[in-house]
Amino acid sequence: MGERKRQRDDSVRPHSSENMELSQEQNVCEGNDIISSLPGNVLRHILSFLSTKEAIRTSILSTKWEYLWTSISNIDLTDDTFPRTGKKEDRSLLDFVDRVFHFHDASDIKSLTVKSSELVNSSRVNSWISASMRHNIEELNLSLSWKAQPVLPCHLFTCQSLVTLKLFMNWSLKVPSLTHFSNLKTLELSYVTFSDDNSTQHLFSSCPVLQELALVKCGWKNLKTIMICIPTLRRLTIENDARWTLDVLSCVTKIYAANLIHLRCISCRGVDFHLYDLSSLVDASIGFYNNYSAEDGTSQVLGLFSAFVNVKKLSTTGETLQYLTLVGNLLDRLPKFYNMNHLELNFEFYGLLFGVLMDLLEKSPKLEFLNFEKGFDRYNMEEIYTWGRLPSCFTSSLKTVRIAYVGIAYFDVDFDEDVEEMWFVRFLLENATVLERFVLHCYPADLQKLSSRLNKIPRGSKSCVIELLPLHSKW
């Protein structure tokens with residue numbers, strides 16, 4: 001009787017950590033499937049942390065797992081990640097997407113991404129869109145190769161649950177008259193050709209809460225004016241395609257966005273941009289590629305720089321600054337960037353642009369960070385010359401300079417002040433009197449020699465620390 005009572009007491013006593021570990025080891029050794037014994041809702045929650053490809057693979061674990069993946073809320077299928085099983089019905093990604101919707105349960109689908117090079121027709125894609133909308137889709141991302149001009153379902157353009165819409169079409173976009181995206185915050189259109197001015201204007205004005213808009217390599221051949229008037233817009237990206245230069249040049253782009261924070265504009269010179277009330281702009285990236293058929297675009301470049309007077313961070317390309325070399329009295333014509341503390345040169349810097357850079361720095365009295373994102377073009381640094389006056393930021397605010405590549409391995413001469421690339425390094429170290437951090441990326445084989453030679457350069461700032469990092473390392 002006493003023994004039976006002791007056994008009963010043991011059965012309700014909490015297990016010690018040693019007993020629990022022993023019990024788990026026994027379960028593993030005995031081949032017990034602990035995870036599969038969990039409730040279905042817990043298993044589905046576990047699947048939500050897996051990629052679509054990994055979630056689908058769980059179907060081979062057991063009969064209990066076979067269809068669990070059909071309840072996943074984030075469906076992401078591309079040519080690269082499509083899990084071909086060898087079964088006849090699984091040889092086509094498009095067929096597999098059909099099956100996903102056929103077997104999906106009644107739970108919501110938060111996001112759908114399908115990217116495929118297989119030719120697809122409108123009816124099939126429209127069935128996916130309709131099914132997604134029945135499952136309260138929030139994010140729709142389609143990058144597809146169409147057999148013919150796609151006609152998207154009208155009810156897509158009035159979807160209330162949709163928050164993000166990304167379309168890669170390479171066809172003309174037909175915008176229904178009843179378009180209204182009541183909750184759309186992100187719209188990205190790639191390779192889309194717009195039918196006319198009115199439909200484009202109607203599309204943008206039908207997004208009352210839009211915060212992010214990206215127009216990537218779209219076709220403007222049917223347009224005379226692109227009007228982007230969106231008070232809620234926070235981020236705007238416009239990237240034009242060099243193949244459609246004449247179309248872009250014949251179109252005026254007008255942007256009204258009082259709350260815009262980030263602007264990225266990549267286009268050919270000569271494009272007629274009109275920017276209005278960008279007082280909230282914080283981060284701007286500008287790039288103009290060369291176009292010999294365009295008229296001189298220096299006035300457009302100067303106009304954009306004038307619209308960026310309030311930015312804190314500016315990123316630009318070599319072609320953009322090269323147009324400014326044609327401007328007489330550039331220092332007098334550039335605006336003053338009172339708020340800019342970060343300048344990024346997103347190209348291999350070369351000597352011909354030294355004067356333009358000095359003018360730009362002179363107009364940036366509060367600059368703290370100068371980033372040569374692509375390093376130097378070591379074969380085109382010979383045009384560097386001594387500038388008569390140092391920018392004021394050199395002695396008041398410039399604290400960090402980063403150069404993505406400085407090396408000596410490919411020079412026939414030893415590292416010394418006669419090498420133009422290194423002359424520029426010497427120039428910065430000697431004249432930036434408040435510099436705190438000087439970061440240089442180089443080949444590992446150059447680290448020791450560069451360190452030795454750089455330590456011999458007199459520094460204008462006694463507190464400056466030189467950091468030599470291997471190429472491609474984080475900093």
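By convention here, the first residue in the shown sequence is residue 1.
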For [Y], is there any backbone N or O sitting under 3.5 Å from a side-chain donor or acceptor partner on [X]?
X: T225; Y: V252; value: no
X: S452; Y: Q448; value: no
X: N183; Y: V163; value: no
X: S461; Y: L435; value: yes
X: S206; Y: T179; value: yes
X: K363; Y: L331; value: yes
X: R333; Y: L302; value: no

Around atom [atom1] of [X], are there more than 12 heavy atoms of other residues, nucleotides or ligands at under 6.0 Å?
X: Q149; atom1: CD; answer: yes
X: K399; atom1: NZ; answer: no
X: Y338; atom1: OH; answer: no

What distance separates [X] [atom1] from [Y] [atom2], expressed to the nearest 0.5 Å?
X: H274; Y: T253; atom1: NE2; atom2: OG1; value: 8.5 Å
X: K185; Y: T164; atom1: NZ; atom2: OG1; value: 9.0 Å
X: R426; Y: R453; atom1: CZ; atom2: CZ; value: 11.0 Å
X: K312; Y: N341; atom1: NZ; atom2: CG; value: 7.0 Å
X: Q201; Y: L223; atom1: CD; atom2: CG; value: 11.0 Å
X: I266; Y: S285; atom1: CD1; atom2: OG; value: 5.0 Å

With sequence neighbours left out, what residues match D332 under side chain to side chain contact (heavy atoms under 4.5 Å, CB included)?
->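 Counting only residues at least two positions away or on another chain, D332 forms a side chain to side chain contact (heavy atoms under 4.5 Å, CB included) with N329.
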
Between [X] and [Y], is any side-chain donor less than 3.5 angstrom from a side-chain acceptor?
X: N310; Y: S279; result: no
X: N240; Y: S267; result: yes
X: S116; Y: D79; result: yes

Mind checking whether [X] and [Y] have parallel, tilted or perpendicular rings, split at 30° and 60°?
X: Y350; Y: F347; result: perpendicular
X: Y191; Y: F168; result: tilted
X: F372; Y: F376; result: perpendicular
X: F394; Y: F427; result: tilted

Flag the pair [X] / [Y] as yes when at least one side-chain heavy-atom distance between them is below 4.5 Å, and no otherwise.
X: L360; Y: L324; value: no
X: K110; Y: E139; value: yes
X: I230; Y: L236; value: no
X: Q322; Y: L353; value: yes
X: E118; Y: V120; value: no

Residues in salt bridge (charged side-chain N to carboxylate O under 4.0 Å, His left out) with E212, at least two apart?
->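 Salt bridge (charged side-chain N to carboxylate O under 4.0 Å, His left out) check on E212 returns nothing, list empty.
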
Side-chain atoms of residues 151-162: list all donor-acceptor pairs with protein atoms under 3.5 Å, sequence neighbours left out, distances to 0.1 Å.
| unit_1 | atom_1 | unit_2 | atom_2 | d |
| --- | --- | --- | --- | --- |
| H155 | NE2 | S130 | OG | 3.1 |
| T158 | OG1 | H155 | O | 3.3 |
| S161 | OG | I137 | O | 2.6 |

